[in-house]
Participant: 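First the structure, then my questions, so here it is.
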Amino acid sequence: MIDALVEESLQIAAKKFEGFGFQEEQIEKLLLSGKRDLEAEIEKLMQLLSADEPEKAEIDKALHALKGLFYNLGNTEAGDKMNALREDESLQLQIETLQAVLHGR
């Protein structure tokens with residue numbers, strides 16, 4: 001699921017960047033950077049979620065970073081999901097929902 005989410009975001013971004021008039025070489029660099037950043041933030045979030053006592057503030061920061069990355073890549077649906085999760089007051093429900101989203105359940 002995570003790989004599919006990243007790939008979907010990169011496909012959306014490629015079309016977006018092409019529409020802006022970027023050259024293929026520029027697009028490739030932007031996509032590599034976007035992929036690296038997304039994967040790093042997702043990994044950070046996964047580590048936070050697997051902690052014995054997850055910290056809501058740190059999870060919130062990771063979700064905020066992911067929201068921004070998804071929006072920057074043009075994947076507003078994923079960005080909106082991250083934003084909705086940030087607004088969820090229940091930490092346990094938030095963790096369970098995040099795990100389900102990231103693992104495709």
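Here the structure is a predicted model, which is why all the values come from computation and not from measurement.
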Participant: Give, for atom CG of L69 and atom CD1 of I42, the distance between the pair rounded to the nearest 0.5 Å.
Facilitator: 9.0 Å
Participant: Checking side-chain contact (heavy atoms from CB on, under 4.5 Å) for the pair I12/L73: CA distance, chi angles, key distance, verdict?
Facilitator: CA-CA 7 Å; I12 292 168; L73 294 171; over 6 Å; no
Participant: Can a side-chain donor-acceptor contact be found between Y71 and D80 if the only test is distance below 3.5 angstrom?
Facilitator: yes
Participant: Are there more than 12 heavy atoms of other residues, nucleotides or ligands under 6.0 Å from atom NZ of K35?
Facilitator: no
Participant: Is it the case that atom CD in E77 sees more than 12 heavy atoms from other parts of the structure closer than 6.0 Å?
Facilitator: no
Participant: Evaluate side-chain contact (heavy atoms from CB on, under 4.5 Å) for Q11 paired with E8, printing each intermediate quantity in order.
Facilitator: CA-CA 5 Å; Q11 289 174 7; E8 174 189 24; 5.5 Å; no
Participant: Is atom CD of E18 surrounded by more than 12 heavy atoms (other residues, nucleotides or ligands) closer than 6.0 Å?
Facilitator: no
Participant: Locate the shortest heavy-atom distance separating R86 from H64; write the atom from each residue and the value.
Facilitator: NH1-ND1, 3.2 Å
Participant: With sequence neighbours excluded, tell me which residues meet side chain to side chain contact (heavy atoms under 4.5 Å, CB included) with L32.
Facilitator: none
Participant: Just wondering, do N75 and L5 contact through their side chains at under 4.5 Å, heavy atoms?
Facilitator: yes
Participant: Over all heavy atoms of both residues, which pair between G34 and L10 is shortest? Give the atoms and the distance, please.
Facilitator: C-CD2, 4.4 Å
Participant: Between CG of L30 and NZ of K16, what distance do you get to the nearest 0.5 Å?
Facilitator: 10.0 Å
Participant: Which value, rounded to the nearest 0.5 Å, describes the distance between S33 atom OG and L38 atom CG?
Facilitator: 9.5 Å
Participant: Using the test side-chain hydrogen bond (donor to acceptor under 3.5 Å, both in side chains), find all partners of K44 that sit at least two apart in sequence or belong to another chain.
Facilitator: E41
Participant: Any heavy-atom pair between the side chains of F70 and M82 that's under 4.5 Å?
Facilitator: yes
Participant: So do the side chains of P54 and I59 get within less than 4.5 Å of each other, counting heavy atoms only?
Facilitator: yes
Participant: State, to 0.1 Å, how close L48 and E58 come at their nearest heavy-atom pair, and which atoms those are.
Facilitator: CD1-O, 3.4 Å
Participant: Once rounded to the nearest 0.5 Å, what's the spacing between atom NZ of K61 and atom CG of L66?
Facilitator: 14.5 Å
